[in-house]
**Q** 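Got a structure for you, questions after.
Residues: numbered from 1 along the sequence shown.
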Amino acid sequence: KSAALEKLYKNAKVFRRKDDQEKILSVGLELEANIFFLSEKYRSLIDGGHLFDESTRLIRQQLLDKDPDNTLGKHRFVALVDFQELAENFELGDNPSTVVTPLVGYIKEFKEKDRENIWRMQMHIAEYLFNGNQIPQALQYATDSYESAPEPRRESIKQAIDFMTAQIDP
């Protein structure tokens, strides 16, 4: 039943049928608080601009509680969604370091447990900080990413490091 609902929901999403998405999401959450539907509800709340609402905080906590060891990647999912929302709402004069806080927190908590993805998170931070003109900090995260990355990814990260370095020493 849950798989069929997920498929219906995904189809409604593909065809941009918002009303159907909301109905299916509601049914999915009522039936079993399925982690898929909790994730979609969370994303929906965030996309709606409700990052700091109590209802969003509760859904976030339910989601994280259902995946305490990040086996399903829900801690990573939450960190990325929160980061994207903060980045989209960044205003000039804000400190770019505050925007990357969800990713930094994820790295601190799961650095040893999620080696497969940590380098990606570090590179997201590096790119964001670089775009925010925080080049020394960006370089540190890029270097950490290089060290954490699998060999096939290192060359492109090295190019990014070289580019960032060139911006310091033109």
**Q** May I ask you to test the I161-R154 pair for a side-chain heavy-atom distance under 4.5 Å?
**A** no

**Q** Are I35 and K74 close enough that some pair of their side-chain heavy atoms sits under 4.5 Å apart?
**A** yes

**Q** Can you tell me how far CG of L64 sits from CD1 of I59, rounded to the nearest 0.5 angstrom?
**A** 11.5 Å

**Q** Mind checking the CZ-CE spacing from F110 to M121? Nearest 0.5 Å is all I need.
**A** 10.0 Å

**Q** Are L38 and L72 linked, directly or through intermediate hydrophobic residues, by side-chain heavy-atom contacts shorter than 4.5 Å (ILVMFWY only)?
**A**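 Shared cluster, yes.
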
**Q** Is there side-chain contact between Y106 and I118, with heavy atoms separated by less than 4.5 Å?
**A**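 The answer is yes, as the side chains (C-beta and beyond) meet within the 4.5 Å cut-off.
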
**Q** If we ignore angles and hydrogens, is there a donor and acceptor under 3.5 Å between the side chains of S97 and Q134?
**A**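 Per modelled atom types, S97 and Q134 side chains form a pair under 3.5 Å.
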
**Q** With side chains defined as the heavy atoms from C-beta onward, is the minimum distance between F77 and L63 less than 4.5 Å?
**A** yes

**Q** Do L51 and L58 belong to the same hydrophobic cluster, where Ile, Leu, Val, Met, Phe, Trp and Tyr are linked whenever their side-chain heavy atoms lie under 4.5 Å apart, directly or via other members?
**A**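 They do not share one cluster, since no chain of ILVMFWY contacts under 4.5 Å joins L51 to L58.
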
**Q** Could you give the distance from NE2 (H50) to OG (S55), rounded to the nearest 0.5 Å?
**A**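 Rounded to the nearest 0.5 Å, the NE2-OG separation comes out at 7.0 Å.
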
**Q** For the pair F90 and Y128, name the ring-plane relationship: parallel under 30°, tilted 30 to 60°, perpendicular over 60°.
**A** perpendicular

**Q** With a 4.0 Å cut-off, would you call K158 and D162 a salt bridge?
**A**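 Yes, this pair counts.
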
**Q** To the nearest 0.5 angstrom, please state how far the CH2 atom of W119 sits from the CD1 atom of I157.
**A**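 One finds 5.5 Å between CH2 of W119 and CD1 of I157.
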
**Q** Ignoring hydrogens and angles, state whether a donor on the side chain of Q140 or D144 is under 3.5 Å from an acceptor on the partner side chain.
**A**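 Yes, a side-chain donor-acceptor pair sits under 3.5 Å.
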
